[in-house]
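Data block below; observations after.
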Amino acid sequence: MTRTLVTSALPYANGPIHFGHAVGAYLPADCYVRTLRMLGEEALFVCGTDEHGFAITVGAENDGVEYPEYVARWRADIKRTFDRLGIEFDVWSGTSISPHHTELAQDFFRRLSEGGFLIKRASEQLYCPKDERFLADRYVLGTCYVCGAEDARGDECGKCGTWLDATRLVEPRCRNCGSVPEKRSTTHWYLDLPKLRDAHIGEWFQGHPWKANVKAFVENMLADLEPRPITRDMGWGVPVPEDLADGETGKVLYVWFDAPIGYISFTREWADAKGEPELWKRYWKDDSTRLVHFIGKDNIPFHCLIFPSMLWGQQEGYVLPWQVPAMEFYNLQGRKFSTSRNWTIPLDAFFETYDAEATRFYLLSSAPEAADSEWRWEEFQRCVNTSLADTIGNLATRVLRFVAKHHEGRIPAISPGLAEELDRVLLEECGELSDPAPSILEFRFRRATQELIAGAAVGNVFIDREAPWALRKSDPERSAAVLNTAIQWLAWIARAMVPFMPAKAQDLWEMLGGVGPVETQGWPGIPIAGSWRVLEAGTPLGQISPPFRKLTDEEIEAEVAALEARAEA
RNA sequence: GGCGAGGUAGCUCAGUCGGUUAGAGCACUGGCUUCAUAAGCCAGGUGUCGCGGGUUCGAGUCCCGCCCUCGCUACCA
């Protein structure tokens, strides 16, 4: 029995999330958590929005609303998408509203300072006098001092690709209001990453079996590490603790510094809500906890290096990540998802037409585990029609309608002798049986979806071999036993479907006459002859209806055309 | 520039420590079946494993070089 704390990257409360986000950090995590629970293991699933930072202040001001209102709007919008996808966190909060967050983030700063892991340093940064704020590099435009291109962004020139120093741009201007920024000296605190690496984090990282994409990337960074600023001149964020500010004012913790602390704040919020305020320590301060961060690859530095450094630097026994199953990127029909270029799938319309559970399955089956991958409408259609409707859905209807017609809608009887014989046929002679759970626990979600479908295919082979429609006349007892076995197999499928499609799994379970939540049946694993049947003969079936609607060529073609039309508009 | 990942059948991909005639799904063709959502089952593969070298009894797999695609490059989060 293990205990696992699962986090999904905190989405930034500055816009809607799309399927690329969902498949990168949220769906796999939800699937993983559901699998652990089916296996009887303890898991806690934590998420919420990341609500500080410069980009949010700009977004809110452009919309003419106060910061808290702005982030509350996106917090709700993002949550709605998760709800529709059936992603169920144990706690959902936000870094600007979670009760312990400010104090905890300040505490992190304080303890790092006491540990000697912070460096105070002055630097020159660009300040916009009109907007009265310091500008992040990417919010400054100007002429590239390398190639002369105009409208280069302060962090990188779009023309020549050079990584720029914003303060050296020729004719710089504020991206927001166009005025000329001035250089101002400002003091900030830096996290001494080289020191933390040498003290512990380097060794810790090396001694751990990471996913290939994580390992290569971080090893590289470890070799060439520099102190990183963790404060910012801004009014929106967690203030630097006054007692440590040395008279400096207007400083807040950098958003990336406070954001991952949100995982802990939210866990505390969850524990408070349960009426056991100390319970969060069971997850964060017990060595035996497995901390798993689901993220997109853009988040690897933070979750494999910086946040672990912050945690360890507390010297308070915080657990460090056990695994960071970072996904690569997910594109849409050959291009990057882009809200500004209208290369997106409008989700409100999408969920009115398409099934969220089938969408979960398709997303997991195409997840960018080892390389970038993409949503393709044609593949979505193929997946829904072939794998879900034909292989799983049709297996259910072909068996259940037969039973409805010839056995009064009740699960037919089976004798011990026939059970033994049919177990052998089904479990040994109808194709290879595989258990999706080990794949899920290794973060191989694509393979896991294939294994589920392979299981349903075994059911189809079994029915064809035994042909109960023919046996009905020649050997009615065997015909009944075959149908009993097929229904038991559907029950296996329903249970195995839970991590991928929890609601559909429940629908199927009830169609089979199953009572109560299918999750409570536990994970079915690979059936063992003689002990895998869970439904009683004589049990009345539920209402039979095809679990998955097939998608027509016309509607898929229309979706692709609409996508392209929106992008051109 | 630096780093990384990919390049395997028409399409999407799997190939663990190097080891038989390189696999799966889809698509396609033929046959069977008629319980079922025009679903199901069976059978059918002459692939330069990106290119060129090398190591080895043996390379898709390891080493070197090159070509192509994509991503990341931390003061956006």
Side-chain angles (χ1 to χ4, degrees), chain A residues 9-14 50-56 58 123 125-126 134-139 153-156 160-163 165-167 188 190 193 212-217 219-221 223-226 228-232 254-256 259-260 296-302 305-306 328-329 331 336 365-366 368 370-374 376 378-379 382-383 385-391 393-406 430 444 446-447 450 453-454 457 459-472 479 482-483 486 544-550:
Chain A
L10 303 190
Y12 198 48
N14 190 37
D50 171 9
E51 303 179 342
H52 294 133
F54 188 77
I56 278 172
V58 173
S123 66
Q125 302 207 345
L126 292 172
F134 282 93
L135 300 173
D137 287 356
R138 56 164 24 194
Y139 283 86
R153 232 170 50 181
D155 53 344
E156 183 183 17
C160 68
T162 308
W163 189 8
D165 174 352
T167 60
H188 285 295
Y190 290 64
L193 290 167
N213 57 347
V214 168
K215 185 175 164 67
F217 191 67
E219 277 180 353
N220 243 302
M221 277 195 312
D224 186 25
L225 214 49
E226 287 180 30
R228 221 184 126 120
I230 61 167
T231 57
R232 225 18 194 159
Y254 228 119
V255 59
W256 61 256
K297 66 177 167 186
D298 51 334
N299 253 319
I300 291 173
F302 295 98
L305 203 50
I306 297 172
E328 301 290 302
F329 279 170
N331 296 319
K336 284 186 179 187
S365 78
S366 61
D372 290 358
S373 60
E374 61 183 358
R376 293 206 72 90
E378 304 85 347
E379 284 297 301
R382 189 206 55 71
C383 175
N385 291 1
T386 308
S387 298
L388 299 180
D390 292 348
T391 307
N394 184 59
L395 176 63
T397 48
R398 73 189 295 203
V399 170
L400 298 179
R401 289 206 198 283
F402 193 93
V403 172
K405 201 180 293 178
H406 300 293
C430 291
R444 303 284 302 265
R446 283 173 172 244
R447 192 167 67 190
Q450 291 172 9
I453 299 306
N460 279 313
V461 173
F462 175 76
I463 288 292
D464 264 74
R465 277 180 64 128
E466 291 294 328
W469 49 88
L471 286 173
R472 194 168 73 83
S479 173
V482 166
L483 293 166
I544 302 165
S545 67
F548 299 99
R549 175 179 79 84
K550 297 184 82 161

Quick one: is [X] getting a side-chain N or O under 4.0 Å of the [N] phosphate, OP1 or OP2?
| X | N | value |
| --- | --- | --- |
| A:Arg444 | B:G15 | yes |
| A:Lys336 | B:C70 | no |
| A:Arg401 | B:U37 | yes |
| A:Lys550 | B:A38 | no |

[N] and [M]: how far apart are their [atom1] atoms, nearest whole angstrom?
| N | M | atom1 | answer |
| --- | --- | --- | --- |
| B:A43 | B:G4 | P | 45 Å |
| B:U61 | B:U16 | C1' | 10 Å |
| B:A39 | B:C28 | P | 11 Å |
| B:G15 | B:U34 | C1' | 38 Å |
| B:A22 | B:C64 | C1' | 25 Å |
| B:A14 | B:U8 | C1' | 10 Å |

Test side chain to side chain donor-acceptor pair (under 3.5 Å), reference A:Lys550, set A:Asn385, A:Asp390, A:Asn394, output is A:Asp390
Describe the nucleic acid contact of [X] in one word from base, sugar-phosphate, nothing, applying a heavy-atom distance below 4.0 Å.
| X | value |
| --- | --- |
| A:Tyr254 | sugar-phosphate |
| A:Ile453 | nothing |
| A:Asn14 | nothing |
| A:Arg232 | sugar-phosphate |
| A:Pro468 | nothing |
| A:Ala370 | sugar-phosphate |
| A:Pro11 | nothing |
| A:Thr386 | sugar-phosphate |

What are the two closest non-hydrogen atoms of [X] and [Y], and how far apart are they?
| X | Y | value |
| --- | --- | --- |
| A:Glu51 | A:Ala13 | CG-CB, 4.0 Å |
| A:Ser479 | A:Pro468 | OG-O, 3.2 Å |
| A:Ser366 | A:Ser373 | O-OG, 2.7 Å |

Strand partner of [N], provided both Watson-Crick or wobble distances fall under 3.5 Å:
| N | result |
| --- | --- |
| B:G60 | none |
| B:G25 | B:C11 |
| B:G65 | B:C51 |
| B:C35 | none |
| B:C70 | B:G4 |

Requested in this report: Using the six-membered ring wherever Trp is involved, compare the ring planes of A:Trp469 and A:Phe402 and label them parallel, tilted or perpendicular (cut-offs 30° and 60°).
Outcome: perpendicular
Note: for A:Arg549 and A:Asp464 on RNA chain B, the residue whose nearest nucleotide lies more 5' is A:Arg549
Heavy-atom nearest nucleotide on RNA chain B taken for A:Phe548 and for A:Gln125; more 5' hit belongs to A:Phe548
For salt bridge (charged side-chain N to carboxylate O under 4.0 Å, His left out), just list the numbers for A:Arg398 and A:Asp464, CA-CA rounded to whole Å, side-chain angles, deciding distance to a tenth of an Å, and then say yes or no. CA-CA 11 Å; A:Arg398 73 189 295 203; A:Asp464 264 74; 3.2 Å; yes
Whole-Å distance, A:Asn460 CG to B:U33 C1', equals 13 Å
A:Leu471 atom CG is separated from B:U33 atom P, nearest whole Å, by 16 Å
Ring-on-base stacking B:C35 with A:Trp469 (under 5.5 Å, under 30°): yes
